[in-house]
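Below is one structure, written out as structure tokens, with a few remarks after it.
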Amino acid sequence: MSNQSAITAAPGSLHSRLPTAGWLHRNLLDLEELSAEEINHILDTAVLCKEATNGCRRKIDVLAGAAVVNLFFENSTRTKTSFSLAARRLGADVIDFSASTSSLSKGESFIDTAKNLEAMGIDAVVVRHATPGTPHLLAGHLDVGVINAGDGPHAHPTQGLLDILSIRERLGDLKGLTVGLVGDIAHSRTARSNLWGLKKLGAKVILCGPPTLVSDRWRELGVEISHDLDAILPRCDVLNLLRIQFERQHTSPFPSVREYAHLYAMNRDRLRRAKPDLVILAPGPINRGVEVTADVADCPQSLILDQVTNGLAVRMAVLWLICGQRQQAADQTADSRRIV
Ligand code: NCD
């Protein structure tokens, strides 16, 4: 308990070390729209946040007075908790909005609901929705920052960032690394955000899975396609094991889960045939025995729980860059009023 408790650090020195300059966006909607420099800027800020909060365990009050709303219309364990905790670690207030108990059930539109929340003086909305483009729609109607926490199968930028940060921590520069994204590519927003982020930072991306879940058309985005994990395994520096998203599928993409696991699950035997320092990632939730066996999920090469910690760091960085920028602008306006 003692080292996990919220101890408020003096924010002064950190305030000056946490950059907002170099970040010109009001929202974070997707990694596709960011440059390599901007992605590295977020990752570097995440490293500072992690250091300043003793590995994401302590509180710093750099966003005291700010308010963040979590608007989640899909289930979530890691992402929602992590955004809430990240905002609280920075000293911001957090409102966890529940769609089922809100006036949405009385017929109020999604945009009207969001505009009412905005009118309460919030600084950012974190949104997850089953419909692709929902955060983009919201960003067009709101003046506050909008952060995409997953829009259907389209994008999940903070997941892409935390995956990349975890690779960078273990293997260093991403340039020249080969990263295999394995599994249900068709329905994975994690795969899409990883793809853009990894390519921008100079990594080679291989998408691997059954032909029903990995279309050859992905080649048009400059990635390699494979349906044979054993064939690509010796070339990979990183494998990101994506869950089969049964909840998004209308027909069965393969004859049985057992057959899928036989061909694509990362297991001990495959680990022996991979590079000795292969890094294993999974966004979670993991289904032990489907995309990864239990022993491999818990082996030293698996960064699955480090990813969760890095998720906090990345979300602190994103919240800081978006809300901190607003805070700085507000402070400057107040200063100039005082001068006048
Ligand atoms: C992912 C998601 O929701 O897109 N998980 C997550 O955010 N940690 C992947 C998944 O659900 O399999």
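Remember, predicted model here, so these are calculated numbers, not experimental data. Counting starts at 1 for both ligands and their atoms, following the listed order.
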Residue [X] vicinity, atoms of ligand 1 by number, heavy atom under 4.0 Å:
| X | result |
| --- | --- |
| H156 | 2 (C), 4 (O), 6 (C), 7 (O) |
| P285 | 10 (C), 11 (O) |
| T79 | 6 (C), 7 (O), 8 (N) |
| Q159 | 6 (C), 7 (O), 8 (N) |
| R78 | 8 (N) |

Under 3.5 Å, is there a donor-acceptor pair linking the side chains of [X] and [Y]?
| X | Y | result |
| --- | --- | --- |
| E38 | H25 | yes |
| N310 | K50 | yes |
| S166 | Q307 | no |

How far is [atom] from its nearest protein heavy atom, and which residue and atom is that?
| atom | value |
| --- | --- |
| atom 4 (O) of ligand 1 | R189 NE, 2.6 Å |
| atom 9 (C) of ligand 1 | G284 O, 3.6 Å |
| atom 12 (O) of ligand 1 | R243 NE, 2.7 Å |

Between [X] and [Y], is there a side-chain N and carboxylate O pair less than 4.0 Å apart?
| X | Y | value |
| --- | --- | --- |
| R189 | D30 | no |
| D230 | R270 | yes |
| R288 | D298 | yes |

Donor-acceptor pair, distance only, cut-off 3.5 Å: does the side chain of D151 make one with the backbone of G133? yes
What do you reckon, does R128 put a non-hydrogen atom under 4.0 Å from ligand 1? yes
